[in-house]
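Notes to accompany the following structure.
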Amino acid sequence: MSRGIGINIGVKGLGEAVESLKRIDGKLASELKRGIKEDARPVLESARGYARALGGSGDYAASMAMRAIRDGVRIKSSDPGAGTIEFANRGAFYLSGSRAGRPVGVPAGTPPRALARAAIEREAEVRRSVEARIERTIERYLNG
């Protein structure tokens, strides 16, 4: 069973485009993938900032990481309490396990609180950055 939560930031058709670029110019394909990861970094930084602002030990913010996937990037938290931290409402109780019936420690604030919030808030910015990067990559390929 996987714990934690994650957000995928994907570009439709990116995997196929990168594979095609690899056959033509492997360096250009690698630069595009690296660049898209760089374009998504503001989401990760915002998410970590929001997570630190929630208080606690800082483990939630520290558990967030980004990695490249076929069609973009995935930002994930490996913290087992990530779902509760992001989405639970105050007054929530454990439903099962040894803590069933006890209150869950829910941070203050309206859900989503960190990772999902950052993705929602930064979506337009990341979209513009990625679109511009893809356009520049195509121009570099066409113009040599």
Side-chain angles (χ1 to χ4, degrees), residues 1-23 25-141:
M1 179 173 152
S2 176
R3 297 198 184 266
I5 61 169
I7 301 284
N8 286 349
I9 300 172
V11 178
K12 194 176 235 178
L14 178 65
E16 293 83 5
V18 169
E19 289 304 315
S20 296
L21 271 176
K22 278 183 186 174
R23 289 192 292 275
D25 184 344
K27 183 179 176 188
L28 204 55
S30 295
E31 287 176 17
L32 177 61
K33 288 289 280 190
R34 242 187 337 272
I36 289 174
K37 197 171 175 182
E38 181 181 311
D39 293 336
R41 188 156 305 283
V43 175
L44 177 61
E45 291 169 0
S46 287
R48 285 179 175 158
Y50 289 141
R52 281 190 292 274
L54 294 172
S57 66
D59 289 347
Y60 182 46
S63 74
M64 294 179 189
M66 180 170 41
R67 68 176 181 91
I69 58 174
R70 177 172 161 71
D71 291 325
V73 298
R74 177 166 180 77
I75 301 174
K76 183 177 181 180
S77 167
S78 58
D79 189 310
T84 300
I85 293 168
E86 281 290 323
F87 300 110
N89 290 305
R90 296 254 238 196
F93 288 86
Y94 288 99
L95 299 177
S96 60
S98 62
R99 295 183 178 183
R102 292 185 185 163
V104 175
V106 177
T110 306
R113 293 180 179 89
L115 183 52
R117 176 182 172 191
I120 292 165
E121 289 179 357
R122 297 288 194 132
E123 179 181 5
E125 172 189 346
V126 171
R127 182 184 309 270
R128 284 190 304 272
S129 296
V130 169
E131 287 172 352
R133 183 171 304 279
I134 291 170
E135 188 176 307
R136 287 191 308 269
T137 301
I138 291 169
E139 286 174 3
R140 277 187 60 204
Y141 169 69

message: For a side chain to side chain contact (heavy atoms under 4.5 Å, CB included) check, start with the C-alpha distance between E131 and R127, then their side-chain angles and the critical distance, and finish with the verdict.
response: CA-CA 6 Å; E131 287 172 352; R127 182 184 309 270; 3.4 Å; yes
- request: Applying side chain to side chain donor-acceptor pair (under 3.5 Å), name anything that partners D25, two or more places apart in sequence or on another chain.
  value: none
- line: salt bridge (charged side-chain N to carboxylate O under 4.0 Å, His left out) filter on R74, not counting sequence neighbours, yields none
- line: For V11, the side chain to side chain contact (heavy atoms under 4.5 Å, CB included) test, sequence neighbours excluded, returns L14, V130, I134
Those residues that, when tested against S20, pass side chain to side chain donor-acceptor pair (under 3.5 Å) (two or more places apart): R23
statement: Residue pairs meeting side-chain hydrogen bond (donor to acceptor under 3.5 Å, both in side chains), one or both in residues 80-93, sequence neighbours left out, come to Y60-E86
query: Which pair of non-hydrogen atoms, one from I5 and one from A82, has the smallest distance, and what is that distance?
result: CG1-CB, 3.7 Å
query: Among all residues two or more places apart in sequence or in another chain, which pass the side chain to side chain contact (heavy atoms under 4.5 Å, CB included) test with E135?
result: E139
Pair listing, side-chain hydrogen bond (donor to acceptor under 3.5 Å, both in side chains) test, anchored in residues 103-122, at least two apart: S46-R122, Y50-E121, R117-E121, R122-E125
field: side chain to side chain contact (heavy atoms under 4.5 Å, CB included) involving Y94 - partner list, sequence neighbours excluded
entry: R99, R102, V104
task: With sequence neighbours excluded, tell me which residues meet side chain to side chain donor-acceptor pair (under 3.5 Å) with R52.
output: none
query: If you round to the nearest 0.5 Å, how far is CG of L32 from CG of L21?
result: 6.5 Å
statement: R70 meets the salt bridge (charged side-chain N to carboxylate O under 4.0 Å, His left out) criterion, sequence neighbours left out, with E16
- prompt: Taking only residues two or more places apart in sequence, or in another chain, which ones meet S63 in a side chain to side chain donor-acceptor pair (under 3.5 Å)?
  reply: S77
query: Can any side-chain N or O of K27 pair as donor or acceptor with the backbone N or O of K22 at less than 3.5 Å?
result: no
Exercise answer: donor-acceptor pairs, residues 36-45 side-chain atoms, under 3.5 Å, sequence neighbours excluded:
from, atom 1, to, atom 2, distance (Å)
D39, OD1, R133, NE, 3.4
D39, OD1, R133, NH2, 2.9
D39, OD2, R133, NE, 2.8

statement: Rounded to the nearest 0.5 angstrom, the CD1-CG distance for I7 and L115 is 4.5 Å
